[in-house]
Participant: 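One structure, pasted below without further comment.
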Amino acid sequence: MKMQLRIVLLLALGVHSLHSVSLNKEEREKKVEELNKERKQYAIDNTIGNMHELSYDMALQAKAESMSDCTVKNGDYVVVLNDKEEYWHILQTKIGCTTLPLPCNNRDMPQGAELCLMGPHSYHATMDDVKEGKLGTQCPGKLAASGLCLSGSKSEDGNSTSNDGISKSLSIVFLLFCVYISALM
């Protein structure tokens, strides 16, 4: 009986360690800030007047995490693997990322590589999406402080999100499970 409990504990530890790694709040903010700087410069260099600002989207992060087994699913987003060109999709306004716990050999992505999803558009950018002009002059709505176009709403408001809470709760439950199993041994 004790041997079976030890095996269950080892299996549970193995499964828990294979879970994808979520970006923390600081990493999310830094990623979005860097991407928006790069998008702004790209728009200036290429005279794009309608480049949109990105915001971090926890729902996209959850979808990316569900693909950490190398199974890419279709949806209202574009999968960004190793090709940085997708970061320049002018109309995309949301991004969510995860770090792969194992290599995805079929996608040529090593362990620890970043898998990102950008939305809300599920198609690759075309020249028809581009409106030429100085930065922010061809926006359909308001401008962000950066000069990039703003979409309707932002999903990252600085508060803890439900996915953060779920992740913490699961870790606590897992820890309690491990303590319980250890006590039975």
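Quick caveat: nothing in here was measured; it's all calculated off a predicted structure.
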Participant: Do Q92 side-chain atoms and M118 backbone N/O form a donor-acceptor pair below 3.5 Å?
Facilitator: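 Yes, because the side chain of Q92 sits within donor-acceptor range (under 3.5 Å) of the backbone of M118.
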
Participant: Search all heavy atoms of C149 against all heavy atoms of G49 and return the closest pair with its distance.
Facilitator: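 Taking every non-hydrogen atom into account, SG-O, 4.0 Å.
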
Participant: Is it the case that atom CG in D45 sees more than 12 heavy atoms from other parts of the structure closer than 6.0 Å?
Facilitator: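 Enclosed: over 12 neighbouring heavy atoms sit under 6.0 Å from CG of D45.
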
Participant: Quick check: does any side chain N or O of Y77 sit under 3.5 Å from a backbone N or O of K94, one acting as donor and the other as acceptor?
Facilitator: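 No, because the side chain of Y77 does not come within donor-acceptor range (under 3.5 Å) of the backbone of K94.
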
Participant: Tell me whether E27 at atom CD has more than 12 heavy atoms from other residues, nucleotides or ligands lying less than 6.0 Å away.
Facilitator: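 Result for CD/E27: enclosed.
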
Participant: Would you say L117 and M67 make side-chain contact, with heavy atoms under 4.5 Å?
Facilitator: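 Counting from C-beta outward, L117 and M67 do come under 4.5 Å.
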
Participant: Looking at every heavy atom in both L148 and C139, which two are closest together, and how far apart are they?
Facilitator: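 So the minimum-distance heavy-atom pair works out to C-SG, 4.4 Å.
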
Participant: Quick one: does E29's side chain have a donor or acceptor within less than 3.5 Å of a partner on E26's backbone?
Facilitator: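 Checking the backbone N and O of E26 against the side chain of E29, no donor-acceptor pair under 3.5 Å is found.
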
Participant: Answer yes if the side chains of D57 and Q61 hold a donor-acceptor pair under 3.5 Å, and no otherwise.
Facilitator: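 Looking only at side-chain atoms, Q61 and D57 do not form any donor-acceptor pair under 3.5 Å.
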
Participant: Check step by step if side-chain contact (heavy atoms from CB on, under 4.5 Å) holds for L100 and M109.
Facilitator: CA-CA 8 Å; L100 297 176; M109 296 181 73; 3.7 Å; yes

Participant: Looking only at the side chains, is there a donor atom on one of E53 and T93 sitting less than 3.5 Å from an acceptor on the other?
Facilitator: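 Result is no, nothing qualifies.
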
Participant: With side-chain contact (heavy atoms from CB on, under 4.5 Å) as the criterion, how do N36 and S146 come out once you've worked through the C-alpha distance, each side chain's angles and the decisive distance to 0.1 Å?
Facilitator: CA-CA 8 Å; N36 282 328; S146 64; 5.6 Å; no

Participant: Decide if atom NZ of K73 counts as having more than 12 heavy atoms of other residues, nucleotides or ligands within a radius under 6.0 Å.
Facilitator: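 Enclosed: over 12 neighbouring heavy atoms sit under 6.0 Å from NZ of K73.
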
Participant: Can you list the residues that meet the salt bridge (Lys or Arg N to Asp or Glu O under 4.0 Å) rule with K37, with sequence neighbours excluded?
Facilitator: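 For K37 the salt bridge (Lys or Arg N to Asp or Glu O under 4.0 Å) partners, ignoring immediate neighbours, are E33.
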
Participant: Do the side chains of V79 and L115 get nearer than 4.5 Å, heavy atoms only?
Facilitator: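 A side-chain contact under 4.5 Å exists here.
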
Participant: If a pair satisfies ring-ring contact (aromatic ring centres under 6.0 Å, His included) and one of its residues is in residues 93-122, list it, with sequence neighbours excluded.
Facilitator: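 Sorted result for residues 93-122: H89-H121, H121-Y123.
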
Participant: Evaluate the side-chain proximity of H52 to P140: yes if any heavy-atom separation is below 4.5 Å, no if none is.
Facilitator: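 Sidechains of H52 and P140: in contact.
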
Participant: When clusters are formed by joining ILVMFWY residues with side-chain heavy atoms under 4.5 Å apart, either directly or through shared neighbours, do V130 and V78 land in the same one?
Facilitator: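 The answer is no; the residues belong to distinct hydrophobic clusters.
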
Participant: Decide yes or no for T98 and E114: does some side-chain heavy atom of the first lie under 4.5 Å from some side-chain heavy atom of the second?
Facilitator: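 No - every pair of side-chain heavy atoms lies 4.5 Å or more apart.
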
Participant: Side-chain heavy atoms under 4.5 angstrom apart, residues restricted to Ile, Leu, Val, Met, Phe, Trp, Tyr: same cluster for L150 and L143?
Facilitator: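 Unlinked, L150 and L143 end up in two clusters.
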
Participant: How long is the straight-line distance from SG of C116 back to CG of L60, given to the nearest 0.5 Å?
Facilitator: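 With rounding to 0.5 Å, CG (L60) is 10.0 Å from SG (C116).
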
Participant: Can you name the one residue among T137, I90, N50 that meets side chain to side chain contact (heavy atoms under 4.5 Å, CB included) with K131?
Facilitator: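 The single option meeting the side chain to side chain contact (heavy atoms under 4.5 Å, CB included) with K131 is N50.
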
Participant: Measure from the side-chain N and O atoms of D129 to the backbone N and O of A125, and report whether any donor-acceptor pair falls under 3.5 Å.
Facilitator: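 Not at all, since once roles are kept as given, no pair shorter than 3.5 Å links the two residues.
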
Participant: Could you tell me whether K63 and D76 make a salt bridge, using a distance below 4.0 angstrom between a side-chain N and a carboxylate O?
Facilitator: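 Looking at K63 and D76, the cut-off is met.
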
Participant: Taking all non-hydrogen atoms of both residues into account, name the closest pair between S68 and P101 and its distance.
Facilitator: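 Reported closest heavy-atom pair: CB-CD, 3.8 Å.
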
Participant: Hey, mind stepping through R28 and K31 against side-chain contact (heavy atoms from CB on, under 4.5 Å) and telling me if it holds?
Facilitator: CA-CA 5 Å; R28 293 189 305 257; K31 177 155 196 72; 5.8 Å; no

Participant: How far apart are the C-alpha atoms of I95 and L35, what are their side-chain angles, what is the distance that settles it, and do they pass the side-chain contact (heavy atoms from CB on, under 4.5 Å) test?
Facilitator: CA-CA 10 Å; I95 189 167; L35 283 173; 3.5 Å; yes

Participant: How close do M51 and W88 get, heavy atom to heavy atom, and via which atoms?
Facilitator: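 Closest pair (atom of M51, atom of W88, distance): CE-O, 3.9 Å.
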
Participant: Tell me, do L54 and R39 make a side-chain contact under 4.5 Å, heavy atoms counted?
Facilitator: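 Touching, per the 4.5 Å side-chain cut-off.
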
